[in-house]
Number of protein chains: 2
Amino acid sequence: MIQDRPKDTQETPEADRVLQAIRQIVSEGRLPSDGRLPTERHLAAELGAGRASVRRALDRLEAEGLIWRRQGKGTFAGQPPDPTEELAAQIASDVDPLSAMEARLCIEPALADLCARRATGEDVVRLRKLAERTHDADDSDSAELWDGALHRAIARIAGNRLMLTAFTLIDEVRMGEDWQEKRHRARTPQTRAFYDAQHQKIIDAIDARDGAAAARAMREHLETLFDNLRKSMERRT
Amino acid sequence: MIQDRPKDTQETPEADRVLQAIRQIVSEGRLPSDGRLPTERHLAAELGAGRASVRRALDRLEAEGLIWRRQGKGTFAGQPPDPTEELAAQIASDVDPLSAMEARLCIEPALADLCARRATGEDVVRLRKLAERTHDADDSDSAELWDGALHRAIARIAGNRLMLTAFTLIDEVRMGEDWQEKRHRARTPQTRAFYDAQHQKIIDAIDARDGAAAARAMREHLETLFDNLRKSMERRT
DNA sequence: GCTGAAACCAAAGCACGATTGGTTTCAGCC
DNA sequence: GGCTGAAACCAATCGTGCTTTGGTTTCAGC
């Protein structure tokens, strides 16, 4: 699996040209709203190359996770769609914030536990980086995004496909709801600082491979979040 | 909403005739393997009635939950398909028994907790009946079925749509797997008696509306189940 | 050994008409 | 007025056939 040859930027004259060209299309060239790339045959004609060369380049981009392909459908930028999202969209209509919170309070501490028992050193580094991004975020919106990424990363590292699916389900419903705004109002500079400290505590427990402590810290974090959300909802009433 | 007229078995001469005829088709008339009924137009012609009458009869059967209809598709006996099952079928392939058990251990105690806090007297009666059926089951297979129904009932009573979906996901994957056989081997007369006692304990806690105790009892039950499953797998090795 | 070209396969999309449940309207009949 | 039967129309779905598109193989040239 190890590339022997030192030339990494210029594998072969033609292949590299094609690869760079397509990479540029993906990264800066504006694509249709669905992210669809031109067809392989079209790209080959446009770049004056053969289909085989184009396919080799696309193979690489796909391996890098920049694009995904489906026979009969096309080539698209980004990640392949997740069937969990569709299910989430279907049941999102009759789920209230309280139910979502109950579900989070049930599953996320367990995920933190598993995460602590299975995380590699590399994983912990990534988590710390995400916590830092959450901390450094300028506005409340981007803090929200990085916070979501952190919780998602913990769920992924936990390494249980079923529980990850359940988490994704909750996460999608939570995001798609119109009570986004309520959550937004619940975030203040004070709460954000508090959340950052709790994130630290969770990650420290994971770093120490202490599953029970990680679960406890996560539960504490969620309960704080829950309380603030509830308070902000009562304030509205 | 209250029917004033005493005639319940004979609402109107024609409507009742059509209703009975279709009810008979659904209950005893053999249908195609997918449970599809003849089309409304076909039924109307065959029964010598108008489409409106047929539709009224079908409306009633649908309200009773005996059939379900979809525009452009047809009328079918039984319950409408659950999108959760499809998702479960998709991810079932890369889920091992251990992951499923982890997931159950995470979610079912929480469901028992919620169930204890929300169950009505009627709910408890139903649970006791299911536990009894599990106890009285002749063979291991039917015990398995009633046991599943009991756990599902607890999940439903918990009254959280998201968590019910997550439970259904786990349940479907668990059922569809080929390690059904392993679970079968793990059930012996001794373990069955033990499980019955644990079911009692769970339901007693629910009856007492003691959420924490219900969760504890459920966790204990699942851990026993888990241990036996693991032992039976090791025995095979 | 890589490239370009061509041909074929299989999965998905698209367009079309047919089918089917959902709805409305209308006339006939208690 | 209320139920019935008939008809017409709407909207979702399905089946069919053709096209598109990625996946694969083959072959000749450099």
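Note on naming: letters A, B, ... go to the chains in the order of the sequence lines (proteins, then strands), and numbering restarts at 1 for each one.
A/Arg56 comes within 4.0 angstrom of sugar-phosphate atoms only, judged by non-hydrogen atoms across all strands, and of no base.
Between A/Arg69 and D/dT21 there is no side-chain polar atom (N or O) within less than 4.0 angstrom of OP1 or OP2. The side chain of A/Thr39 contributes no N or O atom lying less than 4.0 Å from OP1 or OP2 of D/dT20.
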Open item on the list: For nucleotides 25-30 of chain D, give me one character per nucleotide, 5' to 3': B if any protein heavy atom sits under 4.0 Å from the base, S if the only such contacts are to the sugar-phosphate, - if neither.
Closed with: ------

Open item on the list: Treating primed atoms plus P, OP1 and OP2 as sugar-phosphate and everything else as base, which nucleotides of nucleotides 8-14 of chain D get B, S or - for protein heavy atoms under 4.0 Å?
Closed with: BB-BBBS

Expected list for residues 81-88 of chain B: side-chain donor-acceptor pairs under 3.5 angstrom, two or more places apart:
from, atom 1, to, atom 2, distance (Å)
B/Asp82, OD1, B/Thr84, N, 2.8
B/Asp82, OD1, B/Thr84, OG1, 3.0

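Pairs engaging residues 57-96 of chain B under the ring pair (Phe, Tyr, Trp, His ring centres under 6.0 Å) rule: B/Trp68-B/Phe76 [sequence neighbours left out]. Among pairs with a residue in residues 113-122 of chain A, those fulfilling salt bridge (Lys or Arg N to Asp or Glu O under 4.0 Å) read A/Asp113-A/Arg117, A/Arg118-B/Glu102, at least two apart in sequence or across chains. Counting only residues at least two apart or in different chains, ring pair (Phe, Tyr, Trp, His ring centres under 6.0 Å) contacts with residues 150-170 of chain B comprise B/His151-B/His199, B/His151-B/His221. Listed by first and then second residue, the salt bridge (Lys or Arg N to Asp or Glu O under 4.0 Å) pairs that reach into residues 148-160 of chain B are B/Arg152-B/Asp171, sequence neighbours excluded.
Along DNA chain C, the nucleotide closest to B/Arg36 and the one closest to A/Gly50 are compared, and the more 5′ of them pairs with A/Gly50.
The side chain to side chain contact (heavy atoms under 4.5 Å, CB included) check on B/Arg133 picks up B/Trp146, with sequence neighbours excluded. Judged as a side chain to side chain contact (heavy atoms under 4.5 Å, CB included), and not counting sequence neighbours, the contacts of A/Arg128 are A/Val124, A/Gln200, A/Ile203, A/Asp204, A/Asp207. The side chain to side chain contact (heavy atoms under 4.5 Å, CB included) check on B/Arg56 picks up B/Ala52, B/Ser53, with sequence neighbours excluded.
Near DNA chain C, meaning a heavy atom under 4.0 Å away, the residues from residues 75-84 of chain B are B/Thr75.
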TODO: Dot-bracket for DNA chain D, please, read 5' to 3', with Watson-Crick or G-U wobble pairs under 3.5 Å on both distances, ( ) within the strand, [ ] crossing, | other strand, . unpaired.
DONE: ||||||||||||||||||||||||||||||

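Between B/Ile67 atom CD1 and C/dT20 atom C1' the separation is 14 Å, expressed in whole Å.
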